[in-house]
Amino acid sequence: MQEQSRNKAIIIGGGIGGISAAIALKRAGCDVTVFERAPAIQEVGSGIPLWTNALKGLQKLGVANAFEALGKAVNAFKASTWQGDILTDLTNEKRLQRLETVSMTVHRAELL
């Protein structure tokens, strides 16, 4: 009996995007190999915001609950210049209630 062939995928880069793509492709039935030049995952960077669309993507991958335990909910966001001038001031509470989701901040290394 002939074995059914599976699609194969190679992903270059084991960062957040690469790992997310690998999870999605594996769930779709592909054989996936991820290549990363760093010998180990290290703490680099700092906090990273996970806005509503990112969390919905993580929910589709089935991994959102793990990140909700790691992160902190965000209900407001301000961005300013190095001199302190406000570039944007977003209050997300009403929008988040309407979308029935949250935005979060998590350390980049923990997200990986």
Side-chain angles (χ1 to χ4, degrees):
M1 193 176 238
Q2 190 176 18
E3 188 176 315
Q4 185 180 15
S5 65
R6 292 178 61 159
N7 290 328
K8 295 181 181 183
I10 295 173
I11 297 175
I12 308 300
I16 295 165
I19 297 299
S20 297
I23 292 169
L25 288 167
K26 188 137 182 100
R27 289 190 178 198
C30 294
D31 287 327
V32 181
T33 303
V34 178
F35 291 94
E36 171 58 48
R37 71 177 165 179
I41 296 175
Q42 299 175 1
E43 285 197 32
V44 294
S46 58
I48 184 170
L50 297 173
W51 300 108
T52 302
N53 57 341
L55 287 173
K56 287 194 177 207
L58 293 173
Q59 287 169 351
K60 286 191 177 202
L61 292 175
V63 296
N65 290 340
F67 297 109
E68 289 174 7
L70 296 172
K72 300 286 183 190
V74 175
N75 292 325
F77 172 78
K78 288 184 183 179
S80 62
T81 67
W82 66 275
Q83 295 173 322
D85 298 324
I86 302 294
L87 296 172
T88 187
D89 185 352
L90 304 172
T91 300
N92 296 321
E93 201 165 334
K94 288 181 184 177
R95 179 178 42 171
L96 296 176
Q97 287 173 353
R98 187 181 77 237
L99 295 171
E100 298 177 358
T101 189
V102 297
S103 291
M104 301 179 63
T105 301
V106 66
H107 193 278
R108 183 178 297 273
E110 290 188 30
L111 180 61
L112 277 169

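Every heavy atom of this structure was used, including side-chain atoms; hydrogens, water molecules and symmetry mates were not.
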For Ala54, side-chain contact (heavy atoms from CB on, under 4.5 Å) partners two or more places apart
Leu50

When rounded to the nearest 0.5 Å, the distance separating CG of Asp85 from OG of Ser80 is 8.0 Å

When rounded to the nearest 0.5 Å, the distance separating CD1 of Ile10 from CG of Leu25 is 12.0 Å

Which heavy-atom pair separates Ala24 from Leu61 by the least distance, and what is that distance?
CB-CD2, 3.5 Å

Of the non-hydrogen atoms in Lys60 and Arg27, which two are nearest, and what is the gap between them?
O-NH1, 4.4 Å

Distance-only donor-acceptor hits, side chain of residues 30-40, under 3.5 Å, sequence neighbours excluded:
unit_1 : atom_1 : unit_2 : atom_2 : d
Glu36  : OE1    : Gly14  : N      : 2.6
Glu36  : OE2    : Ala38  : N      : 3.1

Using links of under 4.5 Å between side-chain heavy atoms of ILVMFWY residues, direct or through other members, which residues join Leu87 in one cluster?
none

